[in-house]
Protein chains: 2
Amino acid sequence: MTRASEGVEPPAAPAPRSTSAAREILVPSLHDEVLARLRDFIVEGNLAAGARVPERLLCERFGISRTPLREALKVLASEGLIELLPNRGARVRRIGEREMVELFDVMGGLEALAGRLACERLTEAGFAEIERLHHAMYGHYLKRDLHGYFACNQAIHDRIVEAADNAALKATYASFAGRLRRARYSANLDANRDRWGEAMREHEEILDALRRRAGAELSDILFRHLRNKRRAAADREADLAE
Amino acid sequence: MTRASEGVEPPAAPAPRSTSAAREILVPSLHDEVLARLRDFIVEGNLAAGARVPERLLCERFGISRTPLREALKVLASEGLIELLPNRGARVRRIGEREMVELFDVMGGLEALAGRLACERLTEAGFAEIERLHHAMYGHYLKRDLHGYFACNQAIHDRIVEAADNAALKATYASFAGRLRRARYSANLDANRDRWGEAMREHEEILDALRRRAGAELSDILFRHLRNKRRAAADREADLAE
DNA sequence: TCCCGCAAAATTGAATGCAAAATTACGCGA
DNA sequence: TCGCGTAATTTTGCATTCAATTTTGCGGGA
């Protein structure tokens, strides 16, 4: 057999990797797909926290041998998604209270940085787009549409990171967002109604600072915004734990 | 043969991995050593930027087979130290002007975060230690002892990150520091005498903000401090290029 | 002399094989 | 029935092997 053990997977993406004429060509890569798929698989929560990662099973699932899968495991371990126990294989990393706080703080620091950089580089059109999203989000807030609100909220933060125009920042931000998402903390955050109004007010401040291109100020607001978000998440956790 | 192709390497570290009774035990790890060694090997500049990474050679150098080495390569690629070309192997990543700026900005963001967190957690003893380093650094400055100055400078920034007491931040900071160090930008930075006095004044501000535990303020100072450092580095590069 | 094409050699990416460790299953004794 | 030691099975980590792509070396033709 060559490549897939069986017709387990449909053709998926047999498309020849883009042969764009660009000079150094961004890796069309073949096995990075395994990495991406496995990462998604874990981030989406298909594996319980603390559960062992079944090599054999995933190999069949992805139709590959152990070698590329193990390479992906090493990378995911370096990203902090899983942990490699000496002779005991890989486990999905368990995120404790303490680590959750740490991750939120780093996210806050990255958002703060993104905001500062965005102030330096944001175009009028870029700002207008964020402003539009902000108003749409406010609309959802008024209608108590949590889902729509959250989508806009996410979009705004993403736009800010995008506006920062810094590949390293963007990649690091995405990595941490994944780690937090795996802990399923950000999904149902804003169910806390008290926090909702506060968050909305903070977003008013964010938009205002952004309009004035007040980098340092926006930086500070964004960090505190994440801090409050974390606090709300922690409170909610406490509620659920009761 | 089992493990090493020959007696190429001395026993190195055959010591049984610590069997500390701690609950989940930090990975005593076996192949992570290869990862660490290879990373150092590259960060230290043993491989020219843009050069291909010779698998076969390094395998012999480390006395291992290709499998663990390739795993390490994948991890280093995810860290941004090298890049994996489709069927052309690994190359040491070339850091361009643009990316250098990006990396410095992220470092600035991380230091800003570290400073803010340090203000929340720094003990009197911790502050005293940093203050001591600051004065020692000033002494080196007066004596025009660049080497001593730089060591203290590094130590101060490290202490601030340490005081932040955030493992995720510390790891990310270390990773970016490595990437920048590979570019050999931070080593000979402060040879610029004009910049030196300015940096010293900024450090006075840093210490002052730290003493007052003024998080937001320190955060801002640290970011600008890194920005100026970067600018000085860029200028120096420009000089060398002439 | 220079350029192009073709074959040999080297390198890469991935699969398979194998020894060492861990996990599980089982049987014995209390 | 329960606990414990031992053997079978599974799993892990790494080496080796194999097909495929790329790179290198060489010769013919303009």
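Lettering of chains follows the sequences in order, A, B, ..., and the numbering in each one begins at 1. Source: prediction; values computed, not measured.
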Notebook entry, point to check: Is any side-chain N of the basic residue among A:Glu83 and A:Arg91 closer than 4.0 Å to the acidic one's carboxylate O?
Noted result: no
Compile the donor-acceptor pairs under 3.5 Å between side chains in residues 49-56 of chain B and protein atoms, sequence neighbours left out, one pair per line.
residue : atom : partner : partner atom : Å
B:Glu55 : OE1  : B:Arg66 : NE           : 2.7
B:Glu55 : OE1  : B:Arg66 : NH2          : 3.3
B:Glu55 : OE2  : B:Arg70 : NE           : 3.3

Note to self: In whole Å, I'd like the distance from the CG atom of B:Leu69 to the P atom of D:dT16.
What the structure shows: 14 Å
Check: Can you check whether A:Ala163's main-chain N or O pairs, donor with acceptor, with A:Arg121's side chain at less than 3.5 Å?
Finding: no
Do any side-chain atoms of residues 172-180 of chain B form donor-acceptor pairs under 3.5 angstrom with protein atoms, and if so which ones, sequence neighbours left out?
residue  : atom : partner  : partner atom : Å
B:Thr172 : OG1  : B:Ala168 : O            : 2.8
B:Tyr173 : OH   : B:Glu111 : OE2          : 2.9
B:Arg179 : NH1  : B:Glu79  : O            : 3.4
B:Arg179 : NH2  : B:Glu99  : OE2          : 3.4

Every protein N/O within reach of nucleotides 7-13 of chain C N/O, cut-off under 3.5 Å:
residue : atom : partner : partner atom : Å
C:dG13  : OP1  : B:Pro86 : O            : 2.7
C:dG13  : OP2  : B:Arg70 : NH2          : 2.5
C:dG13  : O5'  : B:Arg70 : NH2          : 3.1
C:dG13  : N7   : B:Arg66 : NH2          : 2.9
C:dG13  : O6   : B:Arg66 : NH1          : 3.3

Check: Checking B:Asn166 side chain against B:Leu169 main chain: does a donor-acceptor pair fall under 3.5 Å?
Finding: yes
